[in-house]
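Each remark here refers to the structure printed beneath this line.
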2 protein chains.
Amino acid sequence: MVIARASSPVHPAQPPNGNASTVRYVGADTVVEMGGQTAYVYNVAQGTLRKVSLMRDGRRHISRFLCPGDFFGFMDAPESAHSVEAISDVTLVRYSRLNFDALMARDPALRHRILASMSDELAAMQEQLLLLGRKNARERTAAFLLTMANREPQGRYSREFDLQMSRADIADHLGLTIETVSRVLTRLRKRRIIGLPSSKHIVLLKRRALEAIGAGAI
Amino acid sequence: MVIARASSPVHPAQPPNGNASTVRYVGADTVVEMGGQTAYVYNVAQGTLRKVSLMRDGRRHISRFLCPGDFFGFMDAPESAHSVEAISDVTLVRYSRLNFDALMARDPALRHRILASMSDELAAMQEQLLLLGRKNARERTAAFLLTMANREPQGRYSREFDLQMSRADIADHLGLTIETVSRVLTRLRKRRIIGLPSSKHIVLLKRRALEAIGAGAI
DNA sequence: CGGGCCTTTGAGCCGCATCAAGCTTAGTGG
DNA sequence: CCACTAAGCTTGATGCGGCTCAAAGGCCCG
């Protein structure tokens, strides 16, 4: 039940306007928030985080990676035992939940923006359920790469991008092992569907083929 | 993109009050709603439905079973290709989406009820992601039986209940095959953890043991 | 009593996990 | 600039859980 505990928050609580404050976390694996009702709603400004569920015996699942623009801490139920951890240096904008609720009540535009964001998240989760329930390792990996490509900031050409997370994180997101993820990526590289100049740098050589694989054709 | 197409709606559109109307569907496999922006929000009054995603090659996934009290059609994103199908005779209360939005804007209590309901749904989906990503067949089945037991209407003693859905539906919800579901249930019966007087009637003989299995202990 | 559907049970196989080395990269200190 | 180390990634060999294929067993309804 750790709330916004940072091992090293660089700039704690400096409000740019009345409601929000900016918080930064440096280094990997910083636990930002875990379970319970949180006092804050966060918006990711920079960096990447992971939303982690843990089983008692150590099995781990990552339900989602949080990228710039994403909200979190808004709709998380008390009982679900999950935490949010930074996997790179991160800058968050933090809103008091009370202010946020009040703001939502007055501001229909914000309300719709939040509902749309939640709707997107729900759709993504539903896709992920299908992925975990019915797709094989190759299909999962292809779909994941495309999701990551589409999440890249606009400034960058999404044909080519860096994965922000380790093989272990990818495996725990896709319900696979690091070995399987590695093998599938190697196979996609050997078939010239992706380029892999370094372990985290991805080039989409045949996007259409990758899309077909991710959708379960072929 | 079929919206509220019923093969046999018994009582179409009889408004009990200004906003809502009651709709009934008889027979199984009736498609109630599929993809796209729907004009209505539904609340389940009686019966059970399934929320289905389909892949082009026929692979199927059921992300959720809808039971009395559940809302749907509220937060479903346009692009996700899923449908909602009745698996028993069903009575739904249908609200116009426009009215619903307006009502939500004015009524903080309703707004919080809806947010809470969405929060519950999100937590359930997160649990399901962990289940599909990291649990084995026995753990999935145990967790599923407990979920179903806890969803029973209060009038019925949840130690003992009827499954509303077929083995195929259970399999498609748990990312397994009908054969595996059947085998796991048989094994749980032989270990006297559940009773199975008929194929759809479940008796929880050792709830604690089942909980331990479902959580991944043992 | 017969036919169709759902469920159960069995036999064999396959995809991914597990176990076990190597390899690459980054960081650290001499 | 080069050991040295540690962590992460890749690759190979083997095993197993759940899928596939097949058939038999219940149940419902005419």
Side-chain angles (χ1 to χ4, degrees), chain A residues 26-29 50 55 57-62 87-89 131-142 144-145 162-191 194-202 213 216 218, chain B residues 27-29 50 55 57-61 87-88 131-145 162-191 194-202 213 216 218:
Chain A
V26 299
D29 288 29
R50 60 184 178 221
M55 293 173 65
D57 60 4
R59 276 178 282 179
R60 196 178 75 139
H61 183 72
I62 295 177
I87 59 178
S88 70
D89 293 0
L131 182 149
L132 293 174
R134 287 295 178 225
K135 293 187 182 179
N136 65 27
R138 178 150 44 102
E139 292 163 350
R140 292 179 199 200
T141 307
F144 172 74
L145 290 177
D162 282 317
L163 293 173
Q164 299 303 310
M165 65 291 295
S166 68
R167 295 286 186 271
D169 283 344
I170 297 172
D172 286 341
H173 183 53
L174 300 181
L176 302 170
T177 59
I178 54 174
E179 294 94 332
T180 298
V181 171
S182 179
R183 275 187 254 268
V184 170
L185 288 175
T186 299
R187 249 170 267 149
L188 290 172
R189 178 175 58 72
K190 286 186 178 164
R191 285 177 56 191
I194 64 170
L196 210 56
S198 80
S199 77
K200 299 210 168 175
H201 194 82
I202 304 287
I213 294 170
I218 300 180
Chain B
D29 287 29
R50 60 183 178 224
M55 291 172 67
D57 62 2
R59 277 177 281 177
R60 198 179 74 139
H61 182 72
I87 58 177
S88 69
L131 182 149
L132 294 174
R134 287 296 179 223
K135 293 186 182 180
N136 65 26
R138 177 149 46 101
E139 292 163 349
R140 292 180 198 200
T141 308
F144 171 74
L145 290 177
D162 282 318
L163 292 173
Q164 299 302 310
M165 65 292 293
S166 67
R167 294 288 185 271
D169 284 343
I170 297 172
D172 285 341
H173 184 52
L174 300 180
L176 301 170
T177 59
I178 54 175
E179 294 94 333
T180 298
V181 170
S182 179
R183 275 187 255 269
V184 170
L185 288 174
T186 300
R187 249 171 265 148
L188 290 173
R189 178 175 59 72
K190 285 186 178 164
R191 286 177 56 192
I194 64 170
L196 210 57
S198 80
S199 78
K200 300 213 168 174
H201 194 80
I202 304 286
I213 294 170
I218 298 178

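Residue numbering restarts at 1 for every chain, and letters A, B, ... go by the order of the sequence lines.
At least one side-chain heavy atom of Met55(A) sits less than 4.5 Å from a side-chain heavy atom of Lys135(B). Using a 4.5 Å heavy-atom cutoff, the side chains of Ile202(B) and Leu196(B) are in contact.
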From CA spacing to verdict: side-chain contact (heavy atoms from CB on, under 4.5 Å), Leu145(A), Leu185(A): CA-CA 10 Å; Leu145(A) 290 177; Leu185(A) 288 175; 3.9 Å; yes
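Under the ring-ring contact (aromatic ring centres under 6.0 Å, His included) criterion, His61(B) pairs with no residue, sequence neighbours left out. With sequence neighbours excluded, no residue forms a salt bridge (Lys or Arg N to Asp or Glu O under 4.0 Å) with Arg140(A). Scored by the side chain to side chain contact (heavy atoms under 4.5 Å, CB included) test, Thr180(B) finds Ala137(B), Leu176(B), Thr177(B), Val184(B) as partners (sequence neighbours excluded).
Nucleic acid contact for Ser182(A): base, since at least one base atom lies under 4.0 Å from a heavy atom of the residue.
To the nearest 0.5 angstrom, Ser166(A) atom OG is 5.5 Å from Lys200(A) atom NZ. Taking CZ from Arg183(B) and OG1 from Thr141(B), the interatomic distance works out to 12.0 Å, rounded to the nearest 0.5 Å.
OP1 or OP2 of dT11(D) sits under 4.0 Å from a side-chain N or O of Thr186(A).
When atom types are taken as modelled, the side chain of Arg167(A) and the backbone of Ser199(A) share a donor-acceptor pair closer than 3.5 angstrom. Judged by distance alone, the side chain of Arg50(A) and the main-chain N or O of Ile62(A) form no donor-acceptor pair under 3.5 Å.
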B/S/- contact track for nucleotides 15-28 of chain D, protein heavy atom under 4.0 Å: ---SSBB-------
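For the helix from dC1(C)-dG30(D) to dG30(C)-dC1(D), the angle separating the two terminal helix axes comes to 40°, with each axis derived from five pairs and the value rounded to 10°.
Taking the 5' to 3' direction, DNA chain C first and last meets chain B under 4.0 angstrom from a heavy atom at dT7(C) to dA11(C).
In this structure, the CE atom of Met165(A) is 15 Å from the P atom of dG8(D), given to the nearest Å.
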